[in-house]
There are 2 protein chains.
Amino acid sequence: MTGQTSPQPYLRQETRREMIAAAAQALILEKGAAALRTRDVAARVGINISTLHFHVATKSGLLLLVAETTRAAFCALLPPAPDPARPARDQLRAEVQAYHDSLRDRPELAACFAQLAQIAPSEPEIGALIADFTRGWCARYTEILGLGRAQGVFRADLAPLPAALMITGALTAFGPRGPAGLALFWPVFTEIERGLLARPEGGER
Amino acid sequence: MTGQTSPQPYLRQETRREMIAAAAQALILEKGAAALRTRDVAARVGINISTLHFHVATKSGLLLLVAETTRAAFCALLPPAPDPARPARDQLRAEVQAYHDSLRDRPELAACFAQLAQIAPSEPEIGALIADFTRGWCARYTEILGLGRAQGVFRADLAPLPAALMITGALTAFGPRGPAGLALFWPVFTEIERGLLARPEGGER
DNA sequence: GCAGAAGTCAATCATATGATTGAGTCATGA
DNA sequence: TCATGACTCAATCATATGATTGACTTCTGC
């Protein structure tokens, strides 16, 4: 549990950094970002603590490395940017589907973000990175909702930004629950969508 | 910054514990739950570290004390329990209004809960306390939504539990933003409410 | 094959941190 | 007034933890 057993082969900087980032992320998921210890990261990679410091100068740098890696992986899963020419309802579903699939297939991403958000007060760069990502994510929904209102698919009295905050807030709550907590994901989305759609005359039946 | 200046008067156990809880909560809000140090708590109260340990045996006990204090304060702000005899829309508004007011007048409560949730993995009792509170909070909304559907004020196809999760998720997102982040609170709630209400025939106009 | 760069390690430093010890101070009732 | 218990403190322990040092090993270009 404390250190590696035998000397490790020499690896290129980038390879080692990827191993270090992966180990750090795994430990963050297991014990929380606040409980992350550089020694534990080194041990999991199988290298000496000073080798770790050779590749990643400080603990702050290590956390930032994890945050950037996670953001990049998250961004790679996002659907294409909102497109005025396509049906907004489809785009909304695609957006939500992508988030759902990320929770199902890469639950470590949202969980890691949630963990990193916790240490934002003491790591301003991490906080800025997360805030930036969240803003962009919310902006995508805002745009899709605006498109849908213009297309007549969503309520005419829909306010895009507040509705987008409602959606991202509701979806974010599924992040820390892990893949097992997804049972109510689609029911919740169904409720959201019902609330957004313009309903033709004829009442709520 | 390190210790108290002069000997402190003798106080009764309960008084000291309250001072300790208040100081711990303040420090959690300032620097995060993960960065809480027993020494800092003692210094803020103006007592010696061993005096603190006399009143609160362990750090876990200290965190639990803060959690219980916060929950009690939160519960005291909740409106009356859901009542089938009263209009559901009024009860929903009252419930949301109470939460809004808590964010405006006692922002430390939600912020402290959000912080404590972060250390739940390493403090199971804290996690259980928060999960219990959250479940109860969500259950109130579920009940109100069910009442409203039965009363015909809300959509007939409304699913109470998913909708309640949507609401609590969306509202929870305002917790860590502090009182300054409340600007969009009512716009978001307006969107939520519009999505819940049964709309009479005549379309979305 | 060899010189410098890149990568690795054992040992150690300096400090932080939760907790304990033992002795002193104050309050209260008999 | 004095005995008991409640309360407080300085000093210290034991360990955890981020980081550094200096020497050794492997790789790369020539």
Side-chain angles (χ1 to χ4, degrees), chain A residues 1-24 27-28 30-66 119 121-126, chain B residues 1-21 23-24 27-28 30-66 116 119 121-126:
Chain A
M1 188 62 73
T2 308
Q4 74 291 354
T5 49
S6 54
Q8 290 300 298
Y10 280 32
L11 295 180
R12 299 198 163 274
Q13 175 103 34
E14 190 152 336
T15 311
R16 247 330 163 222
R17 279 176 68 93
E18 285 168 9
M19 295 173 69
I20 290 170
L27 285 169
I28 285 174
E30 287 173 21
K31 302 168 58 176
L36 186 72
R37 301 289 173 257
T38 56
R39 277 172 169 73
D40 296 342
V41 176
R44 175 160 299 210
V45 177
I47 57 176
N48 189 280
I49 176 65
S50 43
T51 302
L52 185 141
H53 275 101
F54 173 80
H55 292 286
V56 182
T58 66
K59 186 179 179 182
S60 290
L62 172 60
L63 290 167
L64 199 55
L65 172 66
V66 174
I119 59 167
S122 57
E123 296 287 341
E125 287 191 88
I126 303 264
Chain B
M1 187 62 72
T2 309
Q4 77 289 354
T5 50
S6 54
Q8 291 297 300
Y10 281 33
L11 295 179
R12 298 199 164 274
Q13 176 104 36
E14 189 151 338
T15 310
R16 237 350 153 214
R17 279 176 69 93
E18 285 169 8
M19 294 173 69
I20 290 170
L27 285 170
I28 286 174
E30 287 172 22
K31 302 166 59 176
L36 186 70
R37 302 289 174 258
T38 55
R39 278 173 168 73
D40 296 342
V41 176
R44 174 158 301 209
V45 176
I47 57 175
N48 188 280
I49 177 64
S50 44
T51 302
L52 184 141
H53 274 102
F54 173 80
H55 292 286
V56 183
T58 67
K59 187 180 180 182
S60 290
L62 172 60
L63 289 167
L64 200 55
L65 173 66
V66 173
L116 290 173
I119 57 167
S122 57
E123 296 289 340
E125 288 192 88
I126 303 264

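Each chain gets a letter, A, B and so on, in the order the sequences are listed, and its residues count up from 1.
Between A/E18 atom CD and C/dG7 atom P the separation is 13 Å, expressed in whole Å. Taking atom CE on B/M19 and atom P on D/dC7, their separation rounds to 14 Å, with Å as the unit. The interatomic distance linking A/N48 (CG) with D/dG22 (P) rounds to 16 Å, in whole Å. Between B/E123 atom CD and C/dG18 atom P there is a gap of 11 Å when expressed in whole angstrom units. Across the protein-nucleic acid pair, B/K59 atom NZ and D/dA16 atom P stand 15 Å apart, rounded to whole Å.
Here the side chain of A/R39 is nearest to one of C/dA19, C/dA10, D/dT17, namely D/dT17. Closest approach to the A/I47 side chain among D/dA11, C/dC9, D/dA19 is made by C/dC9 (side chain taken as heavy atoms from C-beta onward). The listed nucleotides are C/dG18, D/dA11, D/dC7; the one nearest the side chain of B/I49 is D/dA11. For B/F54, taking side-chain heavy atoms from C-beta onward, the closest of the listed nucleotides C/dG7, D/dT20, D/dA6 is D/dA6.
Counting non-hydrogen atoms under 4.0 angstrom, B/L62 reaches nothing in the nucleic acid. Counting non-hydrogen atoms under 4.0 angstrom, B/L52 reaches nothing in the nucleic acid.
With contacts defined as side-chain heavy-atom distances shorter than 4.5 Å, the pair B/R39/B/L52 does not qualify. Between B/V66 and B/I126 the shortest side-chain heavy-atom distance does not fall below 4.5 Å.
With 3.5 Å as the limit, one finds a donor-acceptor pair spanning the side chains of B/E123 and B/S60.
In terms of polar N and O atoms assigned as donor or acceptor, the side chain of A/S50 comes within less than 3.5 Å of the base of C/dA10 in a complementary pairing. Below the 3.5 angstrom threshold, one finds no donor paired with an acceptor across the side chain of A/R16 and the base of C/dG7. Checked by distance alone, A/R37 brings no side-chain donor or acceptor within 3.5 Å of a matching partner on the base of D/dG18.
Put simply, A/T38 has a side-chain N or O that comes within less than 4.0 Å of OP1 or OP2 on D/dG18.
A/A24 and A/L36 get closest at one heavy-atom pair: O-CD1, 3.8 Å.
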